[in-house]
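Numbered from 1 within each chain, the chains take letters A, B, ... in sequence-line order. Computed over heavy atoms, backbone and side chain alike; hydrogens, waters and symmetry mates excluded.
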Amino acid sequence: MLVMAAVLALSACSKNDAESPESSGADKAVQTGGTLEVAYPTQPQSLDPHGTTAEATRDAAKVIYEGLVTINDNYEVIPQLADSFEVSEDNKKVTFKLREGVPFHNGKEMTSEDVVASMVKWSENKPELGEHEWIAVDDYTVELNMSQPSSLVMHFLADVGNLAAVMPKEVAESAEATGAKEYIGTGPFEFVEWKQDEMIKFKKFEDYAQDEDEANGLGGKKEALVDEINWRFVPDASTRVNGLISGQYQFAHMLNYDSIPQVENNPQVEVDVWPYGIEGLVFNKKEGLFKDVKARQAVNNALDMDVIMSSAFTGKDYYELDPSLFLESQTDWYTDAGKENYNPKDPEKAKQLLAEAGYNGEEVVILTSRDYEHHYNAAVATQQMLEKAGMNVKLDVYDWPTLLERRDDPSAYDIFYTGFSTSFTPHQYVFLDSGTQWPGWTEDPEIDRLLDEINAAASQEEAHDLYAQLQEEMWEYLPIINTGKNSRVSGYSKDLKGYTNLSGPNFWNVSINK
Amino acid sequence: MKAYIIKRLLSMIPVLLIVAMFVFFLIHMIPGDPAAVMLGPEATPEEVAALRDNMGLNLPIYEQFFNWFTDVARGNLGDSLYMNVPVMDAFVSHLGPTLSLALLAQGFSILIAIPIGVLAARKRGTGVDRTFMIIAMLGMSIPSFLLALLLMLVFGVRLNWLPVAGYSSLAEGVWQHVKFLILPAISLGAIQAAVIARMTRSSMIDILSMNFIKTAKAKGLKQKVVIYKHAFRNALIPILTILGETFGALITGAVVTETVFNLPGLGQLVINAITRRDYAVIQGTILMIAVTYLFLNLIIDLLYGLVDPRVRLSRK
């Protein structure tokens, strides 16, 4: 009876919907105040961004924390809590002049000792910095001294994916392995409370020290225009969509691709398609068939990237075929070097390469998980194409935590799919550096050499040229196959003004105009 | 009675011991590493190993069990690896939404199911009986997520009468609290109602055909008195059993409803803990759920004695 009533009510209501008037497009003056309701799919483990690259931490943490430097719209490094910074000619020393009069959420003024304590904690998980030391020169000057030159250090410091957040000295020093016990930063919003599995509440930080430069990327002027943000954890994708359409949430993160037409047809809601990163087919290069580069090249020739990406991401609006690891807007790094080896679609050559690699019909195992449908769909499409090229392919499907464990065992698989979010430097792509011993076990001295040279480069131009060589080598050696770039989709109410997305959604300078 | 209760309480100890061991070793046998889940797919093996060490996951399994079990025996369920809070706190904070939802859903199902069951039994074989039982059959067959999504679409999205999802605690006002629970309670209660209505009907039919009912009718008692005082009271025992079972299921089995309506209840707690491989939470919550079940069973058994004086609990 309930179902029948529901179906009747649905059909009775749908007509009204079609007739509902479009919201007036006229721009109203910015309204301040109100509570912003955000529906986010996952709960972070902690809001302390120092020890993790988890997106759930990144997106919520940047509301309350700031770093010495950050990025502009072109991913270039600009000062944030630093008033200015100077890198020495030999790339071994950076001097930061801090902004004065910047209060923490607990009322205390930020000084160099807070910065040093925070940076020491942040750099505990940063082997790429090598031997180094943070020094408080005076109350508003901090120095970073490194034993080896690094042209990348400013990129690491500006990386919001592992935000080098500045927190009070006593909070940084009392932190545990799983993160800080208190969430105190200098950002436009302050932490209020965390209801486990329900939501995190942030409120406007009344004493926020405004950077007077024009808003640009994640830096410049940041204003808390709403009084509160309720950051709700809504794991079910259809619930996020329904809440967005009903007006209960003003922002819903990560919509399912198949729900997008429903959202787009609603006049009260806007859809935001934003670049996520790359989809990667990772080879096990330690044991089995793909130790041989010819076998990896065979797979690269057997695949049609368009088919893989459309299976995983449904439509051309949500993916792009591109050999680079970086976005075109990342002008410091972007290059199409190696494009001749991207998506060659040559099954005959694949068969020939397989024969040269001595392939004899051994079983090739692809690890995958249905917890992430796009990885699973990419794996299914790959299986079919590899079988066409004469390979004997089996899918091993697990839940995601099991997959994360099995991929550490070189005898358990040959291939797995995973995503890599857009990084700020080549070094943060863990599959390149042999030193990381990341699953897949890349061992290419040429890539290692180029990574070292990029780090030691005297200028960004030189680093860019070296990276172009590295990308070319990557498409020869194939530590992974970068199948293409992909986008994710969020939805937001038309009442929401000023929303931007750069390395995740940003809620400063955002107002609710009803 | 007292002796009976003490005996029952003592008999819980071996059951809980077995549950504790079973859950601990089962969850540790499942592959998946909490440290790897916490650090994300781009973490290096070195970072994962360091965090495992910090969390005490590199100790031998028997040592981990011994540490956990001695803590549990002292009443300490440990700390959540992921949420950084004591497991007991997490359990208590997630119990609130689940309990409210279970009570509302149970209330809704009793209000609907018992009158329907009684009426169907009285009108046995008629059109009324058949109609109600077909509806009950349909109610039992609808997947709860489907009913949940339909209710959400109609009353939340289209009509905008009730919130689509979420939760508000009792401290924020009774109506504020209840309005978030109405749709989940209906979607959950509808299925329970179907089960209870069918049980009520068959139990009433059995009783109505007994000789003492014929006697009551022959004495000239009013129909209402015969049905509600004589028949219904005697039919209550199996209904109580099914109520106890369904309430237990409501507390522990509302995972789908809690996920769809985004209620931070016990179902969500367990599911999230499994996907995060948060061992302490899984173990502690399952143990607490087992305790809840055992107490519910005890309460139902005690209620039998109240409803039916022939059931003497203290008799050996």
Peer 1: Count the heavy atoms belonging to other residues, nucleotides or ligands that lie under 6.0 Å from CD of B/E46, then report whether that count exceeds 12.
Peer 2: no

Peer 1: Is it the side chain or the backbone of B/L269 that comes within 4.5 Å of chain A heavy atoms, both, or neither?
Peer 2: both

Peer 1: If you count heavy-atom pairs under 4.5 Å between each of A/N242, A/T52, A/D371 and chain B, which one has the most?
Peer 2: A/N242

Peer 1: Which bit of A/S421 is near chain B, if near means a heavy-atom gap under 4.5 Å: side chain, backbone, both or neither?
Peer 2: both

Peer 1: Against chain B, label A/D399 side chain, backbone, both or neither, depending on which of its atoms sit under 4.5 Å from a heavy atom there.
Peer 2: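 Contact with chain B is through the side chain of A/D399 alone.
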
Peer 1: Name the option with the most non-hydrogen atom pairs under 4.5 Å to chain B; the candidates are A/S246, A/G419, A/P439.
Peer 2: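 It is A/S246.
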
Peer 1: State the CE-OG1 distance between B/M38 and A/T57, to the nearest 0.5 angstrom.
Peer 2: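 Spacing of CE (B/M38) from OG1 (A/T57) equals 10.5 Å.
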
Peer 1: Can you find a pair of side-chain heavy atoms, one from B/R277 and one from A/T402, that are under 4.5 Å apart?
Peer 2: yes

Peer 1: Which atoms form the tightest heavy-atom contact between A/T239 and B/A165, and what is the distance?
Peer 2: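 Nearest heavy atoms, A/T239 then B/A165: CG2-CB, 3.3 Å.
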
Peer 1: Using non-hydrogen atoms only, which part of A/E405 is less than 4.5 Å away from chain B: side chain, backbone, both, or neither?
Peer 2: side chain

Peer 1: May I ask you to decide if B/P264's main-chain N or O and A/E198's side chain share a donor-acceptor pair within less than 3.5 Å?
Peer 2: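 No; judged by distance alone, with no hydrogens or angles, the pair does not exist.
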
Peer 1: Considering only heavy atoms, which portion of A/E176 lies under 4.5 Å from any heavy atom of chain B: side chain, backbone, both, or neither?
Peer 2: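 Answer is neither: A/E176 stays 4.5 Å or more from chain B.
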
Peer 1: Sort A/K195 into side chain, backbone, both or neither according to what part of it lies under 4.5 angstrom from a heavy atom of chain B.
Peer 2: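 Contact with chain B: side chain only.
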
Peer 1: Pick one of side chain, backbone, both or neither for B/M83, based on which atoms fall under 4.5 Å of a heavy atom in chain A.
Peer 2: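 Its backbone and side chain both get close to chain A.
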
Peer 1: Looking at B/M152, B/Q268, B/M55, which one has more heavy-atom pairs under 4.5 Å with chain A than the rest?
Peer 2: B/M152

Peer 1: Taking the side chain as C-beta and beyond, is there a heavy-atom pair between B/D33 and A/P401 under 4.5 Å?
Peer 2: no

Peer 1: Side chain from CB out, backbone as N, CA, C, O: work out which of these in A/W400 comes under 4.5 Å of a heavy atom of chain B, or both, or neither.
Peer 2: side chain

Peer 1: Return the option, out of A/Q428, A/R232, A/R407, with the maximum number of heavy-atom pairs under 4.5 Å with chain B.
Peer 2: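 Heavy-atom pairs under 4.5 Å are most numerous for A/R407.
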
Peer 1: Write down the atom of B/N262, the atom of A/V234, and the distance for their closest heavy-atom approach.
Peer 2: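 Heavy atoms only, the tightest pair is ND2-CG2, 3.2 Å.
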
Peer 1: Counting only heavy atoms closer than 4.5 Å, note whether A/V430 contacts chain B via side chain, backbone, both or neither.
Peer 2: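 For A/V430, side-chain heavy atoms alone lie under 4.5 Å from chain B.
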
Peer 1: Taking atom CD of A/E182 as the centre, report whether more than 12 heavy atoms of other residues, nucleotides or ligands fall under 6.0 Å from it.
Peer 2: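 No - once you tally the heavy atoms of other residues, nucleotides and ligands closer than 6.0 Å, there are 12 at most.
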
Peer 1: What pair of heavy atoms forms the shortest contact from A/S238 to B/L149, and how long is it?
Peer 2: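 Taking every non-hydrogen atom into account, OG-CD2, 3.8 Å.
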
Peer 1: Tell me, for A/R406 versus chain B, whether the close heavy atoms (under 4.5 Å) come from the side chain, the backbone, both or neither.
Peer 2: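 Neither part.
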
Peer 1: Would the number of heavy atoms belonging to other residues, nucleotides or ligands and lying under 6.0 Å from NZ of A/K201 be above 12?
Peer 2: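 Counting neighbours around NZ of A/K201, more than 12 heavy atoms of other residues, nucleotides or ligands fall under 6.0 Å, so yes.
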
Peer 1: Before accepting this row, confirm whether a basic side-chain N of the pair B/E47/A/K126 lies closer than 4.0 Å to the acidic partner's carboxylate O.
Peer 2: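 Salt bridge absent between B/E47 and A/K126.
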
Peer 1: Please flag which part of A/Q196 lies under 4.5 Å from any non-hydrogen atom of chain B: side chain, backbone, both or neither.
Peer 2: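 Interface part for A/Q196: both.
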
Peer 1: Work out which heavy atom in B/F180 is nearest to a heavy atom in A/Q248; give both atom names and the distance.
Peer 2: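 Smallest interatomic distance, heavy atoms only, reads CE2-NE2, 3.8 Å.
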
Peer 1: Please classify the contact between A/T418 and chain B as side chain, backbone, both or neither, with a heavy-atom cut-off of under 4.5 Å.
Peer 2: side chain

Peer 1: Given that the side chain runs from C-beta out, which part of A/Y429 has a heavy atom under 4.5 Å from chain B: side chain, backbone, both or neither?
Peer 2: neither

Peer 1: Checking B/A43 against chain A: side chain, backbone, both or neither under 4.5 Å from a heavy atom?
Peer 2: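 When you check distances to chain A, only backbone atoms of B/A43 fall under 4.5 Å.
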
Peer 1: Which pair of heavy atoms, one from A/D197 and one from B/R276, lies closest together, and at what distance?
Peer 2: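 In terms of heavy atoms, the two residues are closest at OD1-NH2, 3.3 Å.
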
Peer 1: Given heavy-atom pairs under 4.5 angstrom as the criterion, report whether the side chain, backbone, both or neither of B/S187 touches chain A.
Peer 2: neither

